[in-house]
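Order of the sequence lines fixes the chain letters, A, B, ..., with proteins taken first and strands second; residue numbering starts at 1 for each chain.
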2 protein chains.
Amino acid sequence: MLTIGQLAAYAGVTQRAVRHYHQIGLLPEPQRDSSGYRSYGAQAVVDLIRIRTLAEAGVPLARVQDLLEAGEEEFAAAVAEIDSRLRAEIRDLQEHRRRIARLAGGDSLALPAEVVAYLDKLRASGASEAMVAGERDAWILIAARWPEKIPAFMADKSAQLDDPRTVRLYLLIGELAAGGMDEAEVTDLDEDRLGEVADLMAEMNEESAQRGDLERQSEEMGDDAFIALMDSFASDSHPMVQRLQELLAERGWTGWSRMERTTSPDTSRAARGVAPG
Amino acid sequence: MLTIGQLAAYAGVTQRAVRHYHQIGLLPEPQRDSSGYRSYGAQAVVDLIRIRTLAEAGVPLARVQDLLEAGEEEFAAAVAEIDSRLRAEIRDLQEHRRRIARLAGGDSLALPAEVVAYLDKLRASGASEAMVAGERDAWILIAARWPEKIPAFMADKSAQLDDPRTVRLYLLIGELAAGGMDEAEVTDLDEDRLGEVADLMAEMNEESAQRGDLERQSEEMGDDAFIALMDSFASDSHPMVQRLQELLAERGWTGWSRMERTTSPDTSRAARGVAPG
DNA sequence: TCGAGGGTTGACGCTGCGTCAAGGTCAAGC
DNA sequence: GCTTGACCTTGACGCAGCGTCAACCCTCGA
C-alpha cells in the first residue's frame with residue numbers, strides 16, 4: 001500500500017494535487033490506516049495517471065470524469081470541442097501578441113496610426129511636448145468615441161497644419177501654456193499673445209464656416225454630452241482655455257471642441273474695457 | 001462630470017472592471033458627489049482607455065502602472081518580456097493540442113504507441129476485453145515508472161505473442177477470469193485450466209531463464225517496492241492470481257511481475273494432496 | 001408618489017492548485 | 001526514552017480578473 005507521497009511520486013504529481021482531486025471528487029478517497037494516513041493501491045496510481053494525462057492535455061478537471069467514462073463517440077466529440085477551445089485561446093493570445101507589437105512606440109498607446117502620424121507632424125512643426133501630450137489625450141478620447149471618423153478628422157487636421165497660421169497658433173499656445181497662466185502672473189506679453197490667438201482662431205473659424213466645415217462637424221459630432229466632456233477636459237488642463245473662450249465669445253464664437261457662432265457677439269468684456277479683436 | 005456607468009461606457013469596459021481597478025489602486029478613486037456617487041472627469045476616461053489598451057494586449061494588471069509610467073527603453077524591454085510570456089503560453093496550448101490530438105483512440109490514454117500496438121495484437125490473438133484492459137492498466141503503471149524501457153519491453157512481449165503457447169496461455173487465463181473464480185465455484189474444469197496455465201508458465205520461464213532474460217529483467221527492474229505494487233495490482237484484480245502463484249511455487253517459481261526461481265520447489269500443497277504439475 | 005434605472009458596498013465564485021500554519025506519526029540514531 | 005527529520009493530517013488564504021448576486025440608496029420622469 002502507498003502513502004499519498006508515494007502515490008504522487010509514481011504518478012508524477014504533487015500531493016496537493018491529489019488532495020485537490022479528492023476534494024472535487026475526481027479521485028475517490030482511499031481507506032485510512034490506523035494513524036489516519038491515506039492508503040492507496042496500484043489502481044489509484046493508474047487512475048491518477050489517466051486523470052493527469054487528460055488534465056495535461058488541457059481538459060478542465062470538471063470534465064475529466066465524463067471523458068474517462070465516455071464511449072468512443074462522446075470522447076471524440078468532447079476532444080473536438082476541447083481542441084476548438086484551445087484553438088480559440090491560442091487565437092486570443094496571438095491577438096494579444098499583435099496588440100503588444102503595435103505598442104512599440106510611445107504615442108501609439110491606444111491611438112490609431114493616423115493620429116500618431118498627425119502627432120509626429122505636430123511635433124515636427126515645433127509644438128511643445130506638453131501640447132502634443134494634451135492633443136494625444138484628446139484624440140484618445142475622440143478615437144474611443146468615433147473610431148471610424150478618425151481618418152477623416154486626421155486628414156483635416158493634417159491639412160490645417162500646412163497653414164502657417166495654424167503653426168503660429170500652436171506656437172503661441174505652447175508659449176502661453178509654458179508660462180503658467182496663474183492668476184497673478186498674467187503679463188502684458190501674455191495678453192498680447194492671447195489676443196493674437198483669439199484673432200487667429202476667429203479668422204480661421206470664419207473660413208471654416210464659409211467652407212461649410214463647421215456645419216458638417218456639428219452634424220457629425222451630435223453628442224452634446226461628449227462635447228461637454230471634451231470642453232471640460234480642455235479647460236481642466238489649463239486656465240488659459242477659459243480666458244480664450246471669453247475672448248472668442250467677444251469675437252462671436254462659442255464652444256471649444258465644436259465651435260459655433262453666437263447670434264450676437266458678447267461685448268460684456270468690451271464694456272469692461274477690453275478691446276474686442 | 002461622469003458617473004461610473006458613463007465612464008465605463010466611454011471606455012468600453014464594465015463598471016465592475018472600473019471598481020476593480022480602484023480596488024487594486026490602478027485607477028485613483030475619484031471624488032464623490034453629495035449622494036456618494038463617484039464623479040469622474042475626462043482624464044479618467046483617458047487613463048482608463050490606456051489601462052485597457054495594455055490589459056487587452058495581455059499585460060498583467062499588476063504591471064500596467066509600471067508600463068504607463070515607463071520611459072521608452074523600459075517600455076520596450078517590458079513589452080519584449082510580455083511578448084515572450086505570451087509566446088510561451090501559446091507554446092503550452094499548442095502542446096495541449098498535440099496531446100489532445102493523440103488521445104483520439106481509446107487505449108492510447110496515457111500509453112505510448114508501442115503499447116497500443118501490442119494491445120491491439122493481443123486483442124487480435126483472441127484475448128478477452130477484460131484481459132486487454134488489465135494489461136493496459138499494468139502497462140500504464142510500467143510506462144510511468146520506466147518510460148524509456150517501454151520499446152524494449154514491447155518488442156519482447158510482441159515476440160512472445162508469436163509463440164502459440166503464449167496465445168494459449170492468454171486464452172486460458174481469459175476463460176478462467178471470465179468464470180468468476182469465487183471460492184465456492186471452482187470447478188474441475190477450472191482446476192484443469194489452472195494446471196495447464198501453471199505448466200505453460202513454468203515451461204516458458206525455464207526457457208527465459210536459459211536465454212538469460214530473467215536475469216537481465218531482474219537487473220533492469222531493480223525497484224522492489226514497485227514490483228510489489230505491480231504484484232498487488234495483479235492479485236487485487238483477480239483471485240486466480242494467488243492460486244496460480246501457489247501452483248507456480250510448487251513448480252519452483254516465485255513472484256509474478258518479475259519471476260524468480262526458488263531454491264527448492266515448494267511441496268506444501270503436494271503434501272496436502274494436490275499433485276504437482 | 002411611484003417605478004425604473006441609475007448608483008453604493010460586500011461577498012462569493014471561478015481554475016487548479018501553491019503555500020503557510022499548526023500540528024500528529026514514524027523510523028532511525030543517540 | 002528522547003530527539004530529529006521526514007512523513008502525514010486538516011484548514012484556510014492567495015492568485016487574476018473580474019461576473020454575479022444581495023441588499024440597499026438616489027434620482028428622475030410620468
For the helix from C/dT1-D/dA30 to C/dC30-D/dG1, how many degrees between its two end axes (five pairs per end), to the nearest 10°? 30°

Show every ring-ring contact (aromatic ring centres under 6.0 Å, His included) that has at least one partner inside residues 76-95 of chain A, sequence neighbours left out. none

Which pairs pass salt bridge (charged side-chain N to carboxylate O under 4.0 Å, His left out) with one or both residues in residues 55-65 of chain A, sequence neighbours excluded? A/Arg52-A/Glu56, A/Glu56-B/Arg99, A/Arg63-A/Glu81

Partners meeting side chain to side chain contact (heavy atoms under 4.5 Å, CB included) with A/Ala70 (sequence neighbours left out): A/Glu74, A/Phe75

Residues which pass salt bridge (Lys or Arg N to Asp or Glu O under 4.0 Å) with A/Arg85, listed by chain and number, not counting sequence neighbours: A/Glu89

Provide, to the nearest angstrom, the distance between the CZ atom belonging to A/Arg63 and the P atom belonging to C/dG16. 12 Å

Under the side chain to side chain donor-acceptor pair (under 3.5 Å) rule, what pairs show up with a residue in residues 139-154 of chain B, not counting sequence neighbours? B/Glu135-B/Trp139, B/Arg145-B/Asp223

Which residue pairs pass the ring-ring contact (aromatic ring centres under 6.0 Å, His included) test with at least one member in residues 28-53 of chain A, sequence neighbours excluded? A/His22-A/Tyr40

Do A/Phe233 and B/Gln43 touch side chain to side chain, with heavy atoms closer than 4.5 Å? yes

Expected string for nucleotides 7-18 of chain D under the B/S/- scheme (protein heavy atoms, under 4.0 Å, primed atoms plus P, OP1, OP2 as sugar-phosphate) is BSBB-B----BB

Tell me every residue that passes salt bridge (Lys or Arg N to Asp or Glu O under 4.0 Å) with B/Glu260, counting only those two or more places apart in sequence or in another chain. B/Arg258

